[in-house]
Amino acid sequence: MDKIQVEGLKKSFGTNQVLKGIDMQVKEGEVVCVIGPSGSGKSTFLRCINRLEDITGGTVIVDGQDLQNPKTDINKVRENIGMVFQHFNLFPHFSVLKNIMFAPIELGKQKEEEARASALRLLEQVGLSDKASAFPSQLSGGQKQRVAIARALAMNPDIMLFDEPTSALDPEMVGEVLSVMNDLAGKGMTMMIVTHEMGFAREVADRVIFMDGGYIVEEGTPEQVFGNPTHERTISFLEKVL
Ligand code: ADP
Ligand code: MG
């Protein structure tokens, strides 16, 4: 079953057309890595999938719900989509535990005790059981990002979107975050990941999408895209980053 179906997606900011007609489907449990040069529209594309951006044309269907349909309850759809950004956006005045418990309680998904138990489980999953009562300012970048992942998972989403989750990290912290994402992929989570970590994409992705100039220029298995790219623009991008 397709978790995400995108057809003819266009997005403009004023006169700047950033997405020029994107077609893509993501199946349940599939891990799709999106690569491409800066400014190619990767973040905008990801943001259209939970309607953080209103689209200019085409359709985006998530979990069978057409995001442009006025009858669609976008908040319900969003509850099923976890999003992790480059900058962790943790609540600075909440402890780690409270950061994770906040949304499920606030949105009436869980009672306090249940939320606490599941937050502790998630902290264990991301290797931070000892940081429950720490505040974000006391954590390293890699730890903050792992908390941000745990927080996104607290709503029990069935899709996770990652926008360059390791780009703001010192190099020695990249591995610990990728490892958590790798575990998640192994558990069958449906994931779309914008990343510059080509080694990770090669290892974890079921499919790699190369974007340039608002289009998907090339897509395929990691073996195809990295090992045997066919488009000039893919080849020259990979020459620069590999
Ligand atoms: P990428 O993530 O691939 O670097 P983005 O999706 O962030 O690319 O940006 C693609 C283009 O869209 C850029 O030219 C950027 O300036 C423009 N853009 C992105 N967000 C906005 C916005 N909120 N308002 C106006 N222009 C935007
Ligand atoms: Mg971006």
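Remember, it's 1-based here, ligands and their atoms both numbered in the order they're listed. Quick note: residue numbers are just sequence positions, from 1. Please read these numbers as outputs of a predicted model, since none were measured by experiment.
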| query | Closer than 4.0 angstrom: is that true for some heavy atom of Gly41 and an atom of ligand 1? | reply | yes
| said: Determine whether a donor-acceptor pair (N or O, by modelled atom type, separation under 3.5 Å) exists between the side chain of Lys11 and the backbone of Asp54. | reply: yes
| So which protein heavy atom does atom 23 (N) of ligand 1 come closest to, and at what separation? | Phe13 CE2, 3.5 Å
| remark: closest protein heavy atom to atom 7 (O) of ligand 1 is Ser43 CB, 3.7 Å
| message | Considering non-hydrogen atoms of the protein only, which is the closest contact for atom 15 (C) of ligand 1, and what is the distance? | response | Asn16 ND2, 4.8 Å
| task | Scan side-chain atoms only and decide if Thr190 and Glu30 contain a donor-acceptor pair under the 3.5 Å cut-off. | result | no
| Considering only protein heavy atoms, which is closest to atom 17 (C) of ligand 1, and at what distance to one decimal place? | Val18 CG2, 3.9 Å
| said: When you compare the side chains of Thr166 and Gln145, does any donor N or O come within less than 3.5 Å of an acceptor on the partner? | reply: no
| request: Identify, for atom 5 (P) of ligand 1, the protein heavy atom at the shortest distance, and state residue, atom and that distance. | output: Thr44 OG1, 3.7 Å
| field | Leu128 backbone acceptor or donor facing Arg146 side chain under 3.5 Å | value | no
| field | Phe45: ring pair (Phe, Tyr, Trp, His ring centres under 6.0 Å) partners, not counting sequence neighbours | value | none
| Does Gly14 come within less than 4.0 angstrom of ligand 1, counting non-hydrogen atoms of the residue? | no
